[in-house]
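Following: one structure in structure tokens, then a few remarks.
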Amino acid sequence: MLYLHNAMPVAKRASLALLVALTLLTSASAGASGSQTAAAGGATATAYGIKVIVPGQAGGATPTISAPNDQVQFSGGFSYGTGTSGPLVSTGSANASVSATSGSNAIATASAEVSSLNVFNGEITAGSIVAHASATAKPGSATGDISGSTVEGLVALGQSVAPGGSAALGDWGSVRTLEAGSSGSGSTGYHGFVTALDIHLTADHGGLPAGTSILVGYAEVAAEAQPAEPVVPAKPKSKAKKGPKAKATKAAPEPAPGELPFRQPPRITPPLQTPGGHVFPVYGPSSFTDTFGAFRGDVAGGWHHGDDIFAPLGAPILACASGTVFSVGWNSVGGNRLWVRDGGGNLYYYAHLSAFTPSAVNGNKVNAGDVLGFVGNTGDAQGTPYHLHFEIHPVGLLGLGYDGAVDPSTYLTAWKHLQDVSFDGGNAWAPHGAVGTAPKSGAILISASDISSADGLDPGSLQRALRPISGEGSPASVASAKVNRQKPAGGQPTAAGPSG
């Protein structure tokens, strides 16, 4: 559910002059896929995980992906070069995603996420590197930002480097974080980029020559507003002699669904090793059937990459494992959708959400059982019964790209349903039966056993009547959930369920 076929064409061209105009022009721009501009009413996006640029040599990189059509690229471990004790540059997973929608409201997003970076045998290490950029343009207004971009756990030559900071690398180079630039009028268009981490060599080191750049986490977006159509005064009708009507030309017929290419899905169920185990991704009453591999004409590969979990509108959707959220946003197929990468590198895709919670932020760390959003039928599921489309992409199959999904049914059956998800300040509530509207993003309805002391004329009395809470925010704004595991007949709590 990650490739769209109805996006409008967008003009894309390289323009060095535009990059010169960016706020920060550093060596990061050398690793960019090429500056993008969007045609009127258009949007473009580009992202990649890592790129090693070596003067006079081929270098190395993970694939660069570009929109207008939505794309997601999964890369397993990346390595480049060979030193005395291993690769010169290596990473864990390196994922990238882009999305762009053209029209009167042009929207572009790009994200890249890299884990476990190791350069020059531990001289430079980082736990998580995320680049995220977004742009929106409509007539009279264009905005964008790089919120969600971060570098966590960066250590250079034994020195910790904070996000947004930089450090000298002895007498041979430098490391800089969150290099970004933007341009645009603010009323018609926006173009921006971010390189999360830039390692630049000013002298030969570790087998790489001076001038080498190691760029980790790159995202670039551009959106151009569609100009308002001028009002043309109507011309007076003239009684001209009618000529022969031109014969209409019929458009070429669309290919029949059966003619689309069909690639067979993997038929394996590898173990999903991740710290903390798994939980069922929907809280409360739900049901699902095994439709993995069924024909789907509107997605890449032509087959259903997951299972649909049916539940009431607004039922809480949970992080099935502890990990990192990425690619939060919208597309016309998945509607409100997001991805989660667990501690073992496995990926999980959630689609058709009615709304997100504040936990659903690119780069945010979540625990198994945290509420990410609510069941709905957005995207191409509009008009169908409310459900969550759920996919599993094991780390060992990420090299297959989006088609590296496996049948979720065995895992879903094994994972225990949660009995309670207790929110600080009250109990979660999911509607039962037909409900007209879903909860708004981040809103949790609360309950309490005794609120008799609350005074309707005192705005703060209801909060004081509830039990004390821990952490930040009022009870209605707390997004993280405490998970109470299902208890077996013996009465002792168990783990969240087998890991597959």
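Keep in mind it's a predicted model, so treat the numbers as computed, not measured. Just the heavy atoms: all of them, side chains too, but no hydrogens, waters or symmetry mates, feed the values below.
- Scanning both residues, F78 and G60, for their nearest heavy atoms gives CZ-C, 4.0 Å.
- Rounded to the nearest 0.5 angstrom, D407 CG and D307 CG are separated by 5.5 Å.
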Margin query: Working note: H304 + T291, criterion side chain to side chain contact (heavy atoms under 4.5 Å, CB included); need CA distance, chi angles, decisive distance, verdict.
Written below: CA-CA 7 Å; H304 199 219; T291 56; 3.0 Å; yes
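- Between D290 and S409, the shortest heavy-atom contact is CG-OG, 3.0 Å.
- Rounded to the nearest 0.5 Å, atoms CG (L154) and OG (S160) are 8.0 Å apart.
- Interatomic distance, N346 CG to I392 CD1, rounded to the nearest 0.5 Å: 8.5 Å.
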Notebook entry, point to check: Where do L117 and L197 land on the side chain to side chain contact (heavy atoms under 4.5 Å, CB included) test, with the steps shown first?
Noted result: CA-CA 11 Å; L117 175 70; L197 178 63; 3.4 Å; yes
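- Put simply, the side chain of N331 gets close to the backbone of G334: a donor and an acceptor are under 3.5 Å apart.
- Between Y348 and W415, the ring planes lie perpendicular to each other; the angle is over 60°, past the 30° to 60° tilted range.
- The heavy-atom pair separating W303 from D403 by the smallest distance is CZ2-OD1, 3.7 Å.
- Side-chain polar atoms of S111 and S327 form no donor-acceptor pair below 3.5 angstrom.
- In this structure, a donor-acceptor pair under 3.5 Å is absent between the side chains of S149 and H132.
- Checked by atom type and distance alone, the side chain of S116 never pairs as donor or acceptor with a backbone atom of G127 at under 3.5 Å.
- Checked by atom type and distance alone, the side chain of T177 pairs as donor or acceptor with a backbone atom of G164 at under 3.5 Å.
- Judged by distance alone, the side chain of S354 and the main-chain N or O of V375 form a donor-acceptor pair under 3.5 Å.
- Considering only heavy atoms from C-beta on, F310 stays 4.5 Å or farther from F288 through its side chain.
- Defined by atom type and a distance below 3.5 Å, a donor-acceptor pair is missing between the side-chain atoms of N377 and T384.
- By the 4.5 Å heavy-atom criterion applied to side chains, V221 and V98 are not counted as neighbours.
- Note: L88 CG to S79 OG = 9.5 Å, rounded to the nearest 0.5 Å.
- Between K51 and T64, some side-chain heavy-atom pair lies under the 4.5 Å cut-off.
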Checklist line | Worked verdict on S182 versus Y190 for side chain to side chain contact (heavy atoms under 4.5 Å, CB included) | finding: CA-CA 7 Å; S182 63; Y190 175 90; 3.5 Å; yes
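- Atom CZ in R176 sits 5.0 Å away from atom CG in D198 (nearest 0.5 Å).
- Residues W339 and T324 have side chains not in contact (no heavy-atom distance under 4.5 Å, counting atoms from C-beta outward).
- A donor-acceptor pair under 3.5 Å is formed between the side chain of N364 and the backbone N or O of S359.
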Next item on the list: Give the intermediate values and the outcome of side chain to side chain contact (heavy atoms under 4.5 Å, CB included) for residues L400 and L398.
Entry: CA-CA 5 Å; L400 298 178; L398 297 185; over 6 Å; no
Next item on the list: Let me see the working for T410 and T269 under side-chain hydrogen bond (donor to acceptor under 3.5 Å, both in side chains), right down to the final yes or no.
Entry: CA-CA 8 Å; T410 301; T269 52; 5.2 Å; no
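- Using a 4.5 Å heavy-atom threshold, the side chains of V406 and R267 count as separate.
- H191 and E224 are not linked by any side-chain donor-acceptor pair at a separation below 3.5 angstrom, with hydrogens and angles left out of the test.
- Side-chain contact, D308 with H389: a donor N or O sits under 3.5 Å from an acceptor N or O.
- When all heavy atoms of V130 and A196 are compared, the closest pair comes out as O-CB, 3.7 Å.
- T91 and A94 make their closest contact through OG1-CB, 4.5 Å (heavy atoms, listed as atom of the first residue, atom of the second, distance).
- Note that SG of C320 is 3.5 Å distant from OH of Y350, once rounded to the nearest 0.5 Å.
- Side-chain contact check for S115 and S93: at least one donor-acceptor pair (N or O, by modelled atom type) lies under 3.5 Å.
- Residues D370 and L318 fail the side-chain proximity criterion, which asks for heavy atoms closer than 4.5 Å.
- Within the 4.5 Å cutoff, side-chain heavy atoms of P281 are placed close to those of I309.
- Only one option out of L388, T357, N336, V282 pairs with F374 in a side-chain contact (heavy atoms from CB on, under 4.5 Å); it is T357.
- Put simply, the side chain of N362 gets close to the backbone of V328: a donor and an acceptor are under 3.5 Å apart.
- A381 approaches H387 most closely through the heavy-atom pair CB-CE1, 3.7 Å.
- Looking only at side-chain heavy atoms (C-beta outward), L353 and L338 come within less than 4.5 Å of each other.
- No donor-acceptor pair closer than 3.5 Å links the side chain of T195 to the backbone N or O of E179.
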